[in-house]
**Student:** 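Pasting a structure here, questions to come.
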Amino acid sequence: MAAPLVIGVDVGGTKILSGIVDREGLVLDRYELESPGSSEEDVVGALDAAVEALLGDGIEAIGFGIPSNLDRHTGHVLLATNLPLDDFDLDGHARTRFGLPVAVENDANAATLAEWKLGAGRGVSNLVMLTLGTGVGGGIVLDGHLYRGWAEVGHMVMDVDGPPCQGNCHGRGHLEVLASGTAADRAATELWGPGADAYVLVERARAGDPDARARLGEIAEILGAAVGSLVNLFDPELVVVGGGFGEAAGELLLAPAQERARREALAPADETLRVVSAELGADAGLVGAGLIALEALDGGR
């Protein structure tokens with residue numbers, strides 16, 4: 001095992017995953033629990049439990065990937081969309097509680113860092129990543145540097161005055177409400193009733209069900225239009241799609257999304273753009289949280 005070892009904590013709207021990570025991004029041990037949605041106190045208690053389950057000799061830093069934008073001056077977690085966290089100093093709390101260097105980053109930024117350094121984006125200088133899960137997160141690498149500011153691509157407006165966004169977001173018609181795993185859950189429920197979810201939608205689409213394919217195709221079209229807009233803004237060499245829903249849907253989602261994105265993209269990206277699956281799968285956010293912990297340990301944050 002390569003030293004040092006750190007704990008990365010990937011926080012999602014439905015689960016919290018922590019792991020012991022080494023400098024090569026290898027996950028040596030892991031722990032998982034459900035994300036409590038009742039109160040900030042419960043969420044913070046769950047984050048503490050996720051760290052404590054793996055804390056021991058040899059752990060030198062902790063990194064958190066949080067589904068929230070951050071105040072870049074104070075490091076506070078601002079209002080999270082799908083969790084009850086509001087202006088909370090997670091960095092300070094964890095440093096005091098555990099006595100170790102701590103780093104906090106947006107969860108999609110952390111996943112983007114991992115895919116760029118160790119996954120599908122190895123060797124490129126410019127990429128965009130989208131994570132499709134409970135919501136839609138995003139991260140951007142420009143000229144060989146991870147953009148550390150807000151990259152809330154899930155809150156791009158795709159349908160003016162469209163359906164209300166989810167969680168604590170008060171906007172309408174955002175990418176998150178139209179192309180997330182939650183959107184796929186909703187489509188499945190509309191087709192087959194309570195109990196059907198995104199995974200049922202994907203399974204039935206793979207089996208050739210025309211209704212499932214049509215609804216998944218609608219999500220892919222919206223995703224592709226968003227990707228085309230991001231390509232026109234940032235000119236990435238590669239667009240990486242991850243997250244639980246993105247991984248499950250795979251090429252059923254990515255192939256039509258790439259086709260639509262190329263229709264929207266300016267030349268030469270209209271012919272050269274590649275939309276690919278994340279290589280690190282469900283571990284991207286966890287490994288990324290570990291990488292930002294290593295940055296804290298190395299004095300880079």
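Being a predicted model, the structure only gives us computed values, none of them experimental.
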**Student:** Which heavy atom of M158 sits nearest to which heavy atom of I222, and what is that distance?
**Tutor:**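 Distance-wise, the nearest heavy atoms are CE-O, 3.6 Å.
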**Student:** Ion pair present between E295 and R148, side-chain N to carboxylate O less than 4.0 angstrom?
**Tutor:** yes
**Student:** Does V275 share a hydrophobic cluster with L130, counting links as ILVMFWY side-chain heavy atoms below 4.5 Å and allowing steps through other members?
**Tutor:** yes
**Student:** Checking E176 side chain against V136 main chain: does a donor-acceptor pair fall under 3.5 Å?
**Tutor:**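 Judged by distance alone, yes, a pair lies under 3.5 Å.
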**Student:** Mind telling me whether F88 and H93 have parallel, tilted or perpendicular rings, with 30° and 60° as the class edges?
**Tutor:** tilted
**Student:** Only one of V43, V104, N69 forms a side-chain contact (heavy atoms from CB on, under 4.5 Å) with V77, so which one is it?
**Tutor:** V104
**Student:** For the pair V11 and V9, evaluate side-chain contact (heavy atoms from CB on, under 4.5 Å) and give the outcome as yes or no after the intermediate values.
**Tutor:** CA-CA 6 Å; V11 185; V9 184; 4.0 Å; yes
**Student:** Treating W116 as the side-chain partner and N126 as the backbone partner, does any N or O pair qualify as donor plus acceptor under 3.5 Å?
**Tutor:**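 Not at all, since once roles are kept as given, no pair shorter than 3.5 Å links the two residues.
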**Student:** Show the numbers, then the answer: is there a salt bridge (charged side-chain N to carboxylate O under 4.0 Å, His left out) between R23 and E60?
**Tutor:** CA-CA 12 Å; R23 198 174 285 279; E60 299 187 32; over 6 Å; no
**Student:** For E52 and R97, run side-chain contact (heavy atoms from CB on, under 4.5 Å): C-alpha distance rounded to whole Å, both residues' side-chain angles, the deciding distance at 0.1 Å, then the answer.
**Tutor:** CA-CA 10 Å; E52 289 165 351; R97 185 176 182 94; 2.7 Å; yes
**Student:** As a quick check of understanding, evaluate side-chain contact (heavy atoms from CB on, under 4.5 Å) for L17 and R30, giving each step before the final call.
**Tutor:** CA-CA 7 Å; L17 180 64; R30 65 183 68 222; 4.1 Å; yes
**Student:** Just wondering, are more than 12 heavy atoms of other shown residues or ligands nearer than 6.0 Å to CD in E259?
**Tutor:**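 No, CD of E259 has 12 or fewer neighbouring heavy atoms, counting only those of other groups under 6.0 Å.
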**Student:** Give the minimum heavy-atom separation between G12 and S35, together with the two atoms involved.
**Tutor:**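 What the structure gives for the nearest pair is O-OG, 2.7 Å.
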**Student:** Yes or no on side-chain contact (heavy atoms from CB on, under 4.5 Å) for Q166 and S180, after CA distance, side-chain angles and deciding distance?
**Tutor:** CA-CA 10 Å; Q166 58 196 36; S180 62; 4.2 Å; yes
**Student:** Could you check whether any side-chain N or O of D22 sits under 3.5 Å from a backbone N or O of L26, counting only pairs where one atom can act as donor and the other as acceptor?
**Tutor:** yes
**Student:** Do the side chains of V141 and L230 join up, straight or via other hydrophobic residues, at under 4.5 Å, putting them in one cluster?
**Tutor:**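 Not linked; separate clusters.
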**Student:** Would you confirm whether R186, through its side chain, and V177, through its main-chain N or O, come within 3.5 Å as a donor-acceptor pair?
**Tutor:**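 Yes.
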**Student:** Going by atom types alone, do H76 and D71 pair a side-chain donor with an acceptor below 3.5 Å?
**Tutor:** no
**Student:** Is D10 salt-bridged to K15, going by a charged N under 4.0 Å from an acidic O?
**Tutor:**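 The answer is no: the pair does not qualify as a salt bridge.
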**Student:** Just wondering, are more than 12 heavy atoms of other shown residues or ligands nearer than 6.0 Å to CZ in R206?
**Tutor:**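 Yes, because the 6.0 Å sphere around CZ of R206 holds more than 12 heavy atoms from other groups.
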**Student:** Would you call E237 and R274 a salt bridge, taking side-chain N to carboxylate O under 4.0 Å as the test?
**Tutor:** no
**Student:** Taking the side chain from D185 and the backbone from D197, do they hold a donor-acceptor pair closer than 3.5 Å?
**Tutor:**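 A pair under 3.5 Å: no.
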**Student:** So does A108 get a backbone contact from the side chain of T131, meaning a donor-acceptor N/O pair under 3.5 Å?
**Tutor:**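 Not at all, since once roles are kept as given, no pair shorter than 3.5 Å links the two residues.
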**Student:** Any sub-3.5 Å donor-acceptor pair from E40's side-chain atoms to D86's backbone N or O?
**Tutor:** yes
**Student:** Taking A50's backbone N and O only, do any of them form a donor-acceptor pair with S18's side chain (distance below 3.5 Å, no angle check)?
**Tutor:** yes
**Student:** Quick one: does R122's side chain have a donor or acceptor within less than 3.5 Å of a partner on L118's backbone?
**Tutor:** yes
**Student:** Got a donor-acceptor contact below 3.5 angstrom from the N232 side chain to the L266 backbone?
**Tutor:** yes
